[in-house]
Amino acid sequence: MTRDGQLPAGTRRRRPEARVRAGAGTRSGNLVVGSILIGIVALAALVSIFWTPYNPEGVFPQELLLPPSADHLLGTDNFGRDVLSSLLRGAQISLLVGVVAVGIAVLIGVPFGIIAGMHPGPLDRLMMRGNDVSLAFPALLLAIIFGAAFGANTLTAMIALGIGSAPAFALVARSGTRQVMSREYILAARASGKGAWFVGLRHVLPNISGMLIVQASVSFGIAVLAEAALSYLGLGTTPPTPSWGRMLQDAQGYIYVQPLLVLWPGLAIAIAVLGFNLLGDGLRDRFDPRMQVQR
Amino acid sequence: MTSTAPTLSVENLQVTAAHRSGTTKPDQLLRGLTFSIAPGERVGLIGESGSGKSLTALAIMGLLPDTLTPTGSIRLGGVDNADDTDLLDAAEKTLSELRGNAMAMIFQEPMTALNPLMRVGDQVAEAMTQHRTADRPDAAARALDLLAQVQLPAPAQTARAFPHQLSGGQRQRVMIAMALANNPRLLLCDEPTTALDVTVQAEVLRLIGDLVHERETSLLFISHDIGVVAGICDRILVLQDGAIVEDGPVDQILTAAQHPYTRSLIAASDLTKVDERGRLFTGGATAPATATATRSAPDTHVPHHQVRTDLDESIVFNEVAPASGDALIRVRNLGRQYRGRGGSILRRGPAISALEGVSFDVAAGQRFGIVGESGSGKSTLMRLLCALDTPTTGSIQVAGQQLANAKERQLRHFRSQVQIVFQDPMGSLDPRMRVEQIVAEPLRGIGRDETRDRVLAQLQAVGLDADVLQRFPHQFSGGQRQRISIARALVTRPSVLVADEAVSALDVSVRAQVLNLLADLADEYSFTLVFVSHDLGVIRHACDTVAVLSGGRIVEAGPTAEVYDRPTHPYTQQLVAATPTLSEIAGGTP
Amino acid sequence: MALTLLRRIGVFVATLLAASIVTFVLLSILPGNAARVALGIDATEEQVAAQEIAMGLDRPALERYADWFGHLLVGDFGTSAVSQQEIGPQIGDALGITAVLVVSSMLLAVLFAIPMGILTAIRQRKPDGVILSGISQIGVSIPGFLAGMLLVTLFAVTLRWLPAGGWSDPGDGIWDFVSHLILPAVALGSVQGAVLSRYVRAAVLEVMRDDFLRTARAKGLTPAQALLKHGLRNAAVPVLTVLGVQIAALLVGTVVIERVFAIPGLGSLLLDTVALRDLPSVQGIVMVLVGLVLVINLLIDIAHTVIDPRLRSAT
């Protein structure tokens, strides 16, 4: 049966104004803009593997703190390095951390969530308690702790962020699995003699993939933010590898001399994260309108 | 109190949806409706899903979403400040003053219609304080009064309760109280009883009828169920695809409808009229019934009419005598208890008894019905019969297989012998799988080519052709999806087909088609049918024997015609009384 | 009602315990030898051995855990592996400062998020709603410390209205205190506020589709009245849930912001001890942070039960 009649809110009737049909428009708009932004970042990372305008790793005492010019489109930093080149190379790290962290989170969190969703009982309750505990350890904090315990570098950061983002995936996977399990086609599968593995892989997983992809987009954005924060704090990517976060840390020292240096890496971070958030929003409107977990 | 001006007069009401990107023309959801309702008149609006009946009510109330544009005129008469004002031109402020005051509406889903965070009494009182027909202390007192009028027990306590503490029927009564609080001229009801149990439905309908009669309120009652509408209304409007195709008094519509659509709707709704092959009328045929509507059990087994008179009695219903061959299904003393919700890591939830002391047989070739309302245990029984759950006590034997404590390995053959058709055509097919994969799922141990052939043959047997193989469920209508479900269930040629509310979610005309299809296939493949439903009318048509389930126990069982015509157990009597058939209404039998 | 409360407190205690075990495992068991880590690579074997005994590392893990947790309960947060002094007092001082920062940021965030979220929800399809929504999207994408640095660039470097960093106690002068508090609180509050506003928006959008709002309008409430009297309280329920998750993020954000503004709070303390690999100190500080988050979540849970009668157990 169709659901007739949604509740309008605050609009007067019978005014056929030429309103921006922003409902459907923003949805696909989000997807498109998000994809473009991510595309730019990915392109930067890809290109920088083979070529950058200047060498971003090194010291060039002749060219310290130059303002933007035809030679250096975005200027140079306190080591004389071309800012644009550092930005391009920095994209690599940001994307790498995102991919690895989300990959780890998916590999840990999703199976947990599916199993908990398919077997309500003590196992499920235990998982929910575990989730409560993980609430107190957001990804960034975990990365700081790992940095203290095991030494701070890109690898520990990636692993810590991955583990820290796993509970969000477990939660989403579990809630999606429970929805699927309540459907009659699962009963039909069981009535056809299909076992838990089959049901989980062939029925549950394809049907929750949408919400998992949305969560992946959100978590990717968070990972990029966290990596930037860690590098800014000196707990992430170590020199000489360029990282947007560390560029911010350097820039802060010269804020009275060349305030523009703060702008460029900040813009890069904002573009990347905005891209993932818009993509996530656009995908969410396509797949599942319920709220996602932001961890 | 009587005036000659109609309470409601609708002229050329059209509702258009702004076109979505991709389509060229706007959708016309309502195409120029014109009708009126006199003071105190009770008018029913009948239509199938998508006909626009809910939209009509929302348009009158001014609650259409802003993506829909209504044109035409709607006038509410007999009200001081609204005489001759076209509601469609009125400002939001005027409409807010009329809603809940001069005109009121009750919706379909009682479970979500009330604010979960506010006490029920306060919500009823709000209807009065909003329109300043009473100040706060008075409104609270009048709310208690209204709760009593809608026959809610202990009104003072109920008023302090929150919605989640009330049942669906109780919540709907609260809605009625809220709607009638300010004595509206016009009451709109949009499928108010569709989500309720049959016995509760009968009570709520009677309540609405009485209250509306007392206050001489005009009524517009919307439903897909002609039986319900015919019982409460004087006049019926028939809606098809956004247009009124017929408008006339109840008697005339039921016995001598003019429009072919109306006739086919009536014919399909009447489960007591069948043609000479025992099939329901689906296509507007007006051939008179030539056969009795109920079928009989196979000659080898004659069921007896049995009643449980006291709780301790353990009867085996429909017992199959050894002389007539083995029972295909043999259930003895079946019980299922489990722990409800509210458990924690340390403690399990409270014990709930879903089934207790259930014993019955089903002979091969029977069409066995199990009828019960929500909470009767019929879903649990269905799952136990299909080995989707294990019993706590007792034994079940189906198709030669003992089910209690059987391991999945042992059930391999059983799985191919017992299959299910479910209620929800939307939810019973995996939206991510293609039709071919779906129908092939129960098959195992045969090669790809043979699988494909069998799937295709089965789909054709249910009236679908080869193009459907690679499509996804969302590309089909409800009726077609149900056919796919049936194909899946029959692809292994099971000896038992369990239909779990298989037609409850379908439009009336589609329901008739699917029931006929099931009957055809049952004849062709000779399977035993177990039909679980809350709808006594459907069971009466489709089954030769019925068992009535209440509170986890069978209270009565026997040949359908007998149980229906001469119900003995008080619960069965209640159930039968609450299920009107059209022929009774038309013929004037109360 | 009382029973539900007790259950919640029980859950809180259990979670605190579990979190302490996680912290202990991460910082005392897994890294191996805390003594070696603290002393660095140049330490000799004798120095490490002596330090081990001084720190009690030769005892079995369970005993060390029980000892540590027991001390925690009486307020002894352990001894620094580097300075050999108790970290409790330092934590106390730093906690006060961080608490002020956290509370003011949270207030700002909530004050910003609620109207913003509601507005972007009800004006969803209008141009101004879309623009506002876009602004909050951008706000979500900026890390807190970047917002801090941008604010410093504008207000401290360019306009010279406010100090670029540091901290001043309220006792030393109200204006000094406020001027040092504004930029970090606004930086953190606006970013967290943007995140929160998106959740408020989603919650309000959900509620606007709920049946009971339609019932309210059928009763004669105007759209605004329906939303205010019926919708918002219901929307608060999922928002409260999210707030609980966001608190942890806010606290961690504070850690980073303190570095931007050189504020001597708990965050700076944490980062300093991490840089020195002073694991026992890190452990103590982490426990305080975790404890804070869990306590705030407990309060939010209780608020939940007060607002939503469905959550009260019907025993």
Side-chain angles (χ1 to χ4, degrees), chain B residues 57-58 61-63 65-67 91-93 95-119 122-133 161-165 171 174-175 178-179 181-182 184 188 190 341-342 344-347 350, chain C residues 1 3-4 6-11 13-15 17-18 122-126 129 203 205-240 303-315:
Chain B
L58 290 172
M61 289 284 283
L63 289 177
D66 47 352
T67 47
E92 176 63 30
K93 184 167 177 301
L95 289 170
S96 294
E97 278 162 27
L98 290 174
R99 283 187 216 120
N101 200 357
M103 56 181 182
M105 186 160 172
I106 306 176
F107 301 92
Q108 175 176 356
E109 272 299 331
M111 303 311 269
T112 49
L114 295 171
N115 184 343
L117 305 186
M118 218 169 134
R119 292 184 206 271
D122 293 337
Q123 295 192 50
V124 175
E126 188 181 29
M128 292 174 271
T129 53
Q130 175 70 18
H131 294 283
R132 282 181 283 279
T133 46
F162 289 96
H164 68 278
Q165 296 169 301
R171 285 184 224 190
V174 171
M175 290 287 297
M178 232 165 33
N182 294 317
L188 301 161
D190 186 3
R341 300 236 237 117
S344 62
I345 238 181
L346 299 168
R347 216 173 13 106
Chain C
M1 179 73 162
L3 214 65
T4 327
L6 256 115
R7 273 202 70 205
R8 291 269 187 266
I9 297 184
V11 168
V13 169
T15 316
L17 224 70
I122 55 184
R123 313 285 293 172
Q124 186 196 21
R125 299 212 186 96
K126 309 274 186 49
L205 281 177
E206 271 284 317
V207 142
M208 283 185 353
R209 297 191 320 198
D210 272 336
D211 283 346
F212 62 84
L213 272 207
R214 186 178 55 177
T215 309
R217 291 209 54 209
K219 250 197 287 197
L221 278 79
T222 61
Q225 285 174 319
L227 194 61
L228 273 166
K229 286 198 203 170
H230 291 264
L232 287 186
R233 206 170 174 215
N234 277 275
V237 174
V239 171
L240 268 182
H304 245 148
T305 340
V306 167
I307 292 190
D308 192 343
R310 293 169 293 186
L311 295 178
R312 303 175 201 161
S313 59
T315 26

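Only heavy atoms go into these numbers, but all of them, side chains included; no hydrogens, no water, no symmetry mates. Below, chain A is the first sequence line, B the second, and so on; all start at residue 1.
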Pair C:Arg217 + B:Glu92: basic N to acidic O under 4.0 Å: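 Here C:Arg217 pairs with B:Glu92 in a salt bridge, since their nearest N and O are under 4.0 Å apart.
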Selection from B:Gln123, B:Lys93, B:Met103 maximising heavy-atom pairs under 4.5 Å formed with chain C: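 Going by pairs under 4.5 Å, I would pick B:Gln123.
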Among the listed options B:His131, B:Met111, B:Arg119, the residue most often paired with chain C at heavy-atom distances under 4.5 Å: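 Looking at each of B:His131, B:Met111, B:Arg119 in turn, B:His131 comes out on top.
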Any B:Glu126 side-chain heavy atom under 4.5 Å of C:Gln225 side chain: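 B:Glu126 vs C:Gln225: side chains apart.
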Heavy-atom closest pair, residues [X] and [Y]:
X        : Y        : answer
C:His230 : B:Asn115 : ND1-ND2, 3.0 Å
B:Gln130 : C:Lys219 : CG-O, 4.3 Å
B:Pro116 : C:Pro309 : O-CG, 3.6 Å
B:Leu117 : C:Ile307 : CD2-O, 3.7 Å

Exam field: side chain C:Thr215 to backbone B:Ala113, donor-acceptor pair closer than 3.5 Å: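 Present.
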